[in-house]
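In what follows, a structure is listed as structure tokens, so that the remarks can point back to it.
Keep in mind it's a predicted model, so treat the numbers as computed, not measured. No hydrogens, no waters, no symmetry mates; every other heavy atom, side chains included, goes into these values.
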Amino acid sequence: RLQHELKQDTRLALATLENACRAIHDPEDVALLMYRAARLCEKSLQDADAARKLLNRLVELHPATVYGRKAAALLEK
């Protein structure tokens, strides 16, 4: 039950990050939120595929940002 609740909280956090990405216009801030969402998918949900998709999208949309470069580095590993 606790694991289910943690996953629900994580999904809520991901939805919040997604909504924030739509509301924020600064590429650096959006990249940071996308990076955090990807890490949540990987670490909390153990969903490596979802994390990789988010990281790829981040690199595609914001390659010149700090977190775009971090995402690219993670994908190269």
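- A heavy-atom distance below 4.5 Å is not found between the side chains of Glu42 and Leu55.
- Taking all atoms of both residues into account, the shortest heavy-atom contact from Gly68 to Val59 is O-CG2, 3.6 Å.
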Can Leu61 and Met34 be said to form a side chain to side chain contact (heavy atoms under 4.5 Å, CB included), step by step? CA-CA 10 Å; Leu61 294 175; Met34 291 177 74; 4.2 Å; yes
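- In this structure the side chain of Leu17 reaches within 4.5 angstrom of the side chain of Leu40, judged on heavy atoms.
- Here the side chains of Leu14 and Leu45 are in contact, with some heavy-atom distance below 4.5 Å.
- Sorted pairs that involve residues 27-37 and meet side-chain hydrogen bond (donor to acceptor under 3.5 Å, both in side chains), not counting sequence neighbours, are lacking altogether.
- Residues forming a side-chain hydrogen bond (donor to acceptor under 3.5 Å, both in side chains) with Arg69 (at least two apart in sequence, or on another chain): none.
- Under the 4.5 Å side-chain criterion, counting only non-hydrogen atoms from C-beta, Asp49 is in contact with Asp47.
- Summarising the geometry, atom CG belonging to Leu54 is positioned 11.5 Å from atom CG belonging to Leu33; distances are rounded to the nearest 0.5 Å.
- For the residue pair Cys41 and Ala50, the shortest heavy atom distance occurs at SG-CB, 4.0 Å.
- Atom-to-atom distance recorded for Thr16:OG1 and Glu18:CD is 10.0 Å, nearest 0.5 angstrom.
- Distance CZ/Arg39 to NZ/Lys70: 9.0 Å, rounded to 0.5 Å.
- Residues Tyr67 and Leu58 approach most closely at O-CD2, 3.5 Å, considering heavy atoms.
- Between the side chain of Thr65 and the main chain of His62, a donor-acceptor pair closer than 3.5 Å is present.
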